[in-house]
Amino acid sequence: MGKIFDPEFMIRSFPEVLQALPTTLFIAFVSGVIGLVIAFIISFIRYANIKILSPLAKVYISFIRGTPDLVQIMLVYYGIPLFLKAINEKFGTSFDINGVPSIAFAIIALAINAGAYMSETMRSSLLAVDPGQLEACYSVNMTRFQALRKVIIPQAIGIAIPPLSNSLISLIKETSLVFTISIVDIMAQAKIVGARSFRFFEIYIVVSIIYWVVCAVVAFALSKVEIYARRYERKVDS
């Protein structure tokens, strides 16, 4: 009779599962950077209440909030090839529909998802800055752009970093869904290793430890970034 629980199997499995860690981190990093760019654009559109674009931004955020992450990944995975096929038929182009790597679909889907959530964080951070500071900038003949760039946005960044940190950590965990579109990330590698001996409980403990450590390291790094960003608040208070 075999062991009910095998710690030795966990120790042996760690190096194999860790082989897929670079893929997971790459997806999280690239989609996080793209998501931040999307979030900045969307938050500025809503903060400035730009006509036509602001309602469209609200619809985008509402859709992302109201649909599961896995569904969004599938929509991107199956939707982009259909979009490219339609372009090929309409304009006579020759985009390689089957040549798009799965990792690109994962990055696009996760970036779109992260952008929606982070945009609300950024917008609320901009609104949290004392409006009187904007008026003070105008009183010294600053333009709106100068006021935003030199005073409002630096303070908003300090306010936004804690919730943005949570979003980035959530993004790392959401990469665990990309195995559904044939990407060998940590989860896919764990399923491969676990299937050899059917010790899935042990292998998922390994996965949970890896994610836990990675997220703890990221959270620590972001806490240092927050301390650095908060220096603007201290300057303003002084």
Side-chain angles (χ1 to χ4, degrees), residues 25-80 82-84 100 103-131 133-134 137 142-175 177-178 215 218-219 221-222 225-226 228-230 232-233:
L25 293 179
F26 176 77
I27 294 172
F29 176 77
V30 177
S31 57
V33 170
I34 297 172
L36 283 170
V37 173
I38 294 172
F40 180 80
I41 295 170
I42 296 299
S43 62
F44 181 77
I45 288 172
R46 296 202 61 200
Y47 179 75
N49 197 24
I50 300 174
K51 292 182 179 180
I52 301 176
L53 294 180
S54 186
L56 290 176
K58 290 180 181 179
V59 172
Y60 157 63
I61 293 170
S62 176
F63 177 80
I64 296 300
R65 281 178 165 180
T67 55
D69 298 349
L70 183 57
V71 173
Q72 295 165 22
I73 291 172
M74 291 303 174
L75 286 173
V76 170
Y77 183 67
Y78 291 107
I80 289 180
L82 289 176
F83 178 71
L84 293 177
V100 182
I103 197 169
F105 297 125
I107 289 171
I108 292 170
L110 292 177
I112 291 172
N113 177 278
Y117 287 100
M118 291 191 290
S119 68
E120 286 297 275
T121 297
M122 289 184 176
R123 186 178 70 90
S124 61
S125 299
L126 287 168
L127 293 173
V129 178
D130 185 0
Q133 294 191 37
L134 191 60
C137 291
M142 278 190 181
T143 64
R144 183 178 178 85
F145 176 76
Q146 289 174 326
L148 287 171
R149 183 172 62 86
K150 294 182 178 181
V151 179
I152 305 301
I153 290 178
Q155 292 182 70
I157 289 173
I159 298 170
I161 284 178
L164 282 179
S165 300
N166 292 332
S167 296
L168 291 172
I169 290 171
S170 295
L171 178 60
I172 294 172
K173 293 184 288 184
E174 285 165 8
T175 60
L177 297 172
V178 302
C215 290
V218 171
L222 290 173
V225 175
E226 179 187 354
Y228 178 76
R230 289 280 185 178
Y232 287 106
E233 293 184 13

Could you measure the distance from the OG atom of S54 to the NZ atom of K58? Nearest 0.5 Å is fine. 5.0 Å
Do the side chains of I107 and F26 get nearer than 4.5 Å, heavy atoms only? yes
Minimum heavy-atom separation for S43 to S119, with atom names? CB-O, 3.4 Å
Option passing side-chain contact (heavy atoms from CB on, under 4.5 Å) with D69 (candidates I64, N113, L171): N113
Could you go through the side-chain contact (heavy atoms from CB on, under 4.5 Å) check for I38 and Y60 one step at a time? CA-CA 11 Å; I38 294 172; Y60 157 63; 3.6 Å; yes
With rounding to the nearest 0.5 angstrom, report the OH to CG distance, Y117 to L164. 14.5 Å
side-chain contact (heavy atoms from CB on, under 4.5 Å) between I61 and E120, worked out: CA-CA 8 Å; I61 293 170; E120 286 297 275; 3.4 Å; yes
Correct closest heavy-atom pair for L168 and G32 would be CD2-CA, 4.3 Å
So CD1 of I172 and SG of C215: to nearest 0.5 Å the spacing works out to 5.0 Å
Given side chains that start at C-beta, do those of I103 and V30 come closer than 4.5 Å, heavy atoms only? no
Using side-chain contact (heavy atoms from CB on, under 4.5 Å), reason through F44 and L126 one step at a time and then give a plain yes or no. CA-CA 9 Å; F44 181 77; L126 287 168; 5.9 Å; no
Ignoring hydrogens, what is the shortest heavy-atom contact between A147 and C137? Give both atom names and the distance. CB-CB, 3.6 Å
Using 0.5 Å steps for rounding, measure from the CE atom of M122 to the CZ atom of R46. 14.0 Å
Within the structure provided, determine whether N166 and T121 are in side-chain contact (heavy-atom separation under 4.5 Å). no
Looking at I153, I152, V151, which one forms a side-chain contact (heavy atoms from CB on, under 4.5 Å) with V129? I152
If you round to the nearest 0.5 Å, how far is OG of S167 from CD1 of I161? 12.5 Å
Measure the spacing between CD1 of I108 and CG of L75 and express it to the nearest 0.5 Å. 13.0 Å
